Amino acid sequence: MKNVIPAVKGTRDFYPREMAIRTWLYSKARQVSEAFGYQEYEGPMLETLELYAAKSGEELVKEQSFVFPDRSGKLITLRPELTPTLMRMVARRQGQLTYPLRWWSFGPFWRYERPQKGRSREFFQWNIDLIGAATPEADAEMVAVMATFYRSTGLTPDQVSIHVNNRRLMDDQLAKLGIQANQRPAVFRLIDRRDKLSPEAWREYALEQGLSPEQFDKLLTLLENLDLWKESDELARFFEAVDALGMSSYVHFNPQIIRGLDYYTGTVYEGRAQTGNLRRAVAGGGRYDNLLADVGGDPLPGTGFAMGDVVITLLLEETGNLPDNLEASPAPVMVTVFDESLLLASYRLASELRAAGLNVACYPLPDKLGKQFKYADRVGARLALILGPDEETQGQVAIKDLNTREQIVLPRAEAAQKIRQMLAEEPAS
RNA sequence: GCGGAUGUAGCUCAAUGGCAGAGCGUCGCACUGUGGAUGCGAAUGUUGCGGGUUCGAGCCCCGUCAUCCGCCCCA
């Protein structure tokens with residue numbers, strides 16, 4: 001390849017095939033969001049650094065955000081997540097909105113990380129949030145929304161499972177172990193990292209964080225207690241509600257789920273791929289009851305999650321759940337150009353058919369007919385129209401079915417209706 | 001930020017340190033009013049970039065850039 005100017009590291013080009021997948025994902029997100037009564041919204045891609053500085057978590061802001069000064073020297077951030085923006089938007093119109101608020105969004109985000117499988121620096125994310133309801137049932141609804149998305153894309157509970165925990169529960173349990181309040185965030189981080197370290201390394205890390213060997217052993221027992229949720233009224237109600245919503249098969253208690261963002265206060269949930277090569281989080285979220293006050297609003301509880309396009313697409317591809325007809329031709333009809341002298345006649349014909357409501361492409365130059373048929377076939381057209389000297393002088397047009405190779409000639413005035421009929425009779429293969 | 005691998009034709013990849021190649025695709029012809037098949041033919045290269053070693057470098061060495069994979073973190 002000659003010296004093509006390179007793309008920015010970690011960005012992706014969406015050629016029609018990829019764009020079709022993205023659009024399809026968007027439509028799935030919309031469909032599920034609207035099924036639960038959520039409204040679409042969007043915020044700016046640029047935000048001030050302060051918006052994230054307080055609450056998103058140090059790593060996310062300091063290490064993983066695109067931050068740059070604008071011309072006045074003010075630090076601008078390419079949004080790495082949407083929840084702070086949502087909080088800002090709600091805070092600005094706090095008194096005018098009708099609660100509970102059900103909002104969703106699908107847009108681009110940026111994180112300055114090393115690109116690799118399942119992760120890019122520019123990605124798209126579906127965000128959905130329920131603001132103004134502090135009940136466990138509200139959390140259950142969010143999880144049901146996530147599960148409904150999985151179900152509607154064909155992902156089974158064996159392939160993707162939603163792991164749930166509650167930070168208040170864990171906080172109480174840690175307190176019972178005699179772990180001081182100021183030490184608990186570090187222990188949360190410790191729990192979060194358990195899967196990433198060997199048992200020995202993890203123990204060593206725990207003791208480094210100031211846990212006594214006895215506390216460590218008790219913590220271990222805690223994390224293996226799959227009935228721990230019974231000690232949380234919140235989680236008990238949550239699971240009942242999930243059951244009422246018919247999504248229990250997707251949802252499991254997992255005392256090890258903590259999640260990285262600092263602003264979560266209660267129930268947290270994470271959709272995880274359980275199959276194939278990538279066993280990782282495909283979506284994550286939780287309850288954040290203090291965030292609105294943190295950006296300057298009056299206190300208002302919220303819960304919600306985000307799902308990135310990269311991992312979910314990999315998962316859907318791996319499990320064979322991506323529709324295969326995504327790249328269907330935008331125009332099922334192509335008008336060929338017989339020769340130079342008839343080029344504009346073909347253009348007129350195409351225009352006529354468009355006016356009749358059909359999607360029609362016209363070949364733009366007088367190439368050999370064979371080449372034009374080949375092109376029509378390649379781009380997925382179903383019918384090719386021929387307007388040669390014979391047809392032109394007799395007010396006719398030839399229609400060739402590219403699948404059956406059959407060709408008919410008919411009066412031009414009847415063409416649109418006949419085409420419509422042919423397209424309806426023989427759905428795209 | 002750390003570690004590993006790979007960069008050769010549009011694509012996928014070959015090529016003991018000794019003439020840079022194949023398959024697919026593209027284009028042309030067989031077939032000047034008809035595509036997918038077949039046959040024949042043709043075009044296509046700063047071997048990522050910059051140095052070095054050598055009579056000679058795609059191959060060895062150094063640097064650099066890019067991509068991929070993993071770690072960290074996360075969607």
Side-chain angles (χ1 to χ4, degrees), chain A residues 1-12 25 29 56-65 79-83 106-128 146 149 160 189 192-193 195-198 201 258-261 269-273 277-278 280-285 304-315 334 336-339 342 363 366-392 397-409 429:
Chain A
M1 195 188 321
K2 297 202 181 90
N3 302 310
V4 177
I5 295 170
V8 173
K9 190 189 192 75
T11 60
R12 292 167 295 162
L25 262 186
S56 290
E58 286 208 1
E59 174 115 21
L60 181 58
V61 177
K62 288 188 181 160
E63 315 276 342
Q64 298 180 352
S65 291
R79 64 181 189 187
E81 57 157 337
L82 190 60
T83 312
F106 185 95
F109 296 85
W110 294 264
R111 288 188 193 172
Y112 196 83
E113 294 184 285
R114 194 73 176 261
Q116 57 185 272
K117 189 173 183 132
R119 196 173 63 196
S120 58
R121 287 185 173 182
E122 180 179 65
F123 56 95
F124 286 76
Q125 215 175 243
W126 174 36
N127 279 265
I128 182 159
M146 196 190 286
F149 178 89
V160 61
R189 255 181 109 61
D192 206 32
R193 290 184 177 178
D195 287 341
K196 289 160 187 162
L197 301 171
S198 67
I258 294 294
R259 311 249 352 120
L261 296 173
Y269 31 91
E270 186 171 297
R272 280 199 187 172
N277 299 324
L278 61 171
R280 59 159 95 192
V282 296
F305 69 85
M307 186 183 79
D309 70 313
V310 185
V311 178
I312 190 70
T313 301
L314 282 173
L315 180 63
M334 196 196 86
T336 59
V337 173
F338 187 81
D339 62 22
L342 285 168
Y363 203 82
D367 271 337
K368 285 177 57 176
L369 274 181
K371 192 171 172 179
Q372 298 187 46
F373 280 109
K374 191 170 178 177
Y375 173 86
D377 187 52
R378 288 271 173 93
V379 298
R382 310 244 315 277
L383 303 174
L385 306 199
I386 304 95
L387 190 63
D390 300 345
E391 289 86 359
E392 173 71 349
V397 60
I399 302 175
K400 175 159 182 166
D401 185 316
L402 290 166
N403 292 328
T404 64
R405 312 185 88 149
E406 284 164 18
Q407 187 166 321
I408 55 170
V409 180
S429 52

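Each chain gets a letter, A, B and so on, in the order its sequence line appears, and its residues count up from 1. Every value quoted in this text rests on a predicted model; they were computed, and no experiment measured them.
- Taking atom P in both C65(B) and A9(B), the straight-line distance is 22 Å, to the nearest Å.
- For U6(B) and C19(B), the P atoms lie 24 Å apart once the distance is rounded to whole Å.
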Subject >> Which nucleotides of RNA chain B pair, in dot-bracket form (Watson-Crick or G-U under 3.5 Å, | meaning another strand) >> reply: (((((((..((((....[..)))).(((((.......))))).....(((((..]....))))))))))))....
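- Within 3.5 Å, no donor on the side chain of K371(A) pairs with an acceptor on the base of G35(B), nor the reverse.
- Rounded to whole Å, the separation between the P atoms of U16(B) and A22(B) comes to 16 Å.
- Residue R121(A) is classed as having no contact, given no heavy-atom separation below 4.0 Å to the nucleic acid.
- Within the nucleic acid shown, D192(A) comes within 4.0 Å of sugar-phosphate atoms alone, with no base atom in reach, counting heavy atoms only.
- Place I386(A) and Y112(A) on RNA chain B by their nearest nucleotides, and Y112(A) ends up nearer the 5' end.
- For Q407(A) against U34(B), a side-chain-to-base donor-acceptor contact under 3.5 Å is present.
- With hydrogens and angles ignored, the 3.5 Å screen pairs no side-chain donor or acceptor of Y375(A) with any backbone N or O of G370(A).
- G50(B) and U38(B): their P atoms are spaced 42 Å apart (whole Å).
- At whole-Å resolution of the value, NZ in K374(A) and C1' in G35(B) are 8 Å apart.
- The two residues R114(A) and R119(A) come nearest to each other via the heavy atoms O-NH2, 3.0 Å.
- Taking only distance into account, the side chain of R111(A) never meets the base of C73(B) through a donor-acceptor pair shorter than 3.5 Å.
- Rounded to whole Å, the P atom of U12(B) lies 8 Å from the corresponding atom of U8(B).
- Comparing G58(B) with G21(B), their C1' atoms are spaced 12 Å from each other, to the whole Å.
- Judged by ring centres under 5.5 Å apart and planes tilted less than 30 degrees, F109(A) fails to stack against the six-membered base ring of A75(B).
- Across all strands shown, S120(A) has heavy atoms under 4.0 Å from base atoms, whether or not it also approaches the sugar-phosphate.
- In this structure, R111(A) contributes its side chain and S65(A) its backbone to no donor-acceptor pair below 3.5 Å.
- For the pair F373(A) and L402(A), the minimum side-chain heavy-atom distance is below 4.5 Å.
- Salt-bridge formation is detected for the pair D309(A)/R12(A): a Lys NZ or Arg NE/NH1/NH2 atom is positioned less than 4.0 Å from an Asp or Glu carboxylate oxygen.
- Taking the P atoms as reference points, A57(B) lies 11 Å from A20(B), given to the whole Å.
- Across G33(B), C71(B), G35(B), the shortest atom-to-atom separation from the side chain of D377(A) is found for G35(B).
- Residues I386(A) and V397(A) have side chains not in contact (no heavy-atom distance under 4.5 Å, counting atoms from C-beta outward).
- Contact of R378(A) with G36(B) (side chain to base): no donor-acceptor pair of N or O atoms is detected under 3.5 Å.
- In this structure, D390(A) reaches the bases: a heavy-atom distance under 4.0 Å links it to at least one base atom across the strands shown.
- Between the side chain of E113(A) and the base of G1(B), no donor-acceptor pair of N or O atoms lies under 3.5 Å.
- Within the 3.5 Å criterion, the main-chain N or O of A398(A) finds no donor-acceptor partner in the side chain of Q407(A).
- Distance CG (D339(A)) to C1' (U32(B)): 11 Å, rounded to an integer number of Å.
- For the pair R114(A) and A398(A), both in contact range of RNA chain B, the more 5′-proximal nearest nucleotide belongs to R114(A).
- E406(A) comes within contact range of no nucleotide atom at all, as no heavy-atom separation falls under 4.0 Å.
- Here, U53(B) and C11(B) have their P atoms 33 Å apart, quoted to the whole Å.
- Without hydrogens or angle criteria, E122(A) side chain to P108(A) main chain gives no donor-acceptor distance under 3.5 Å.
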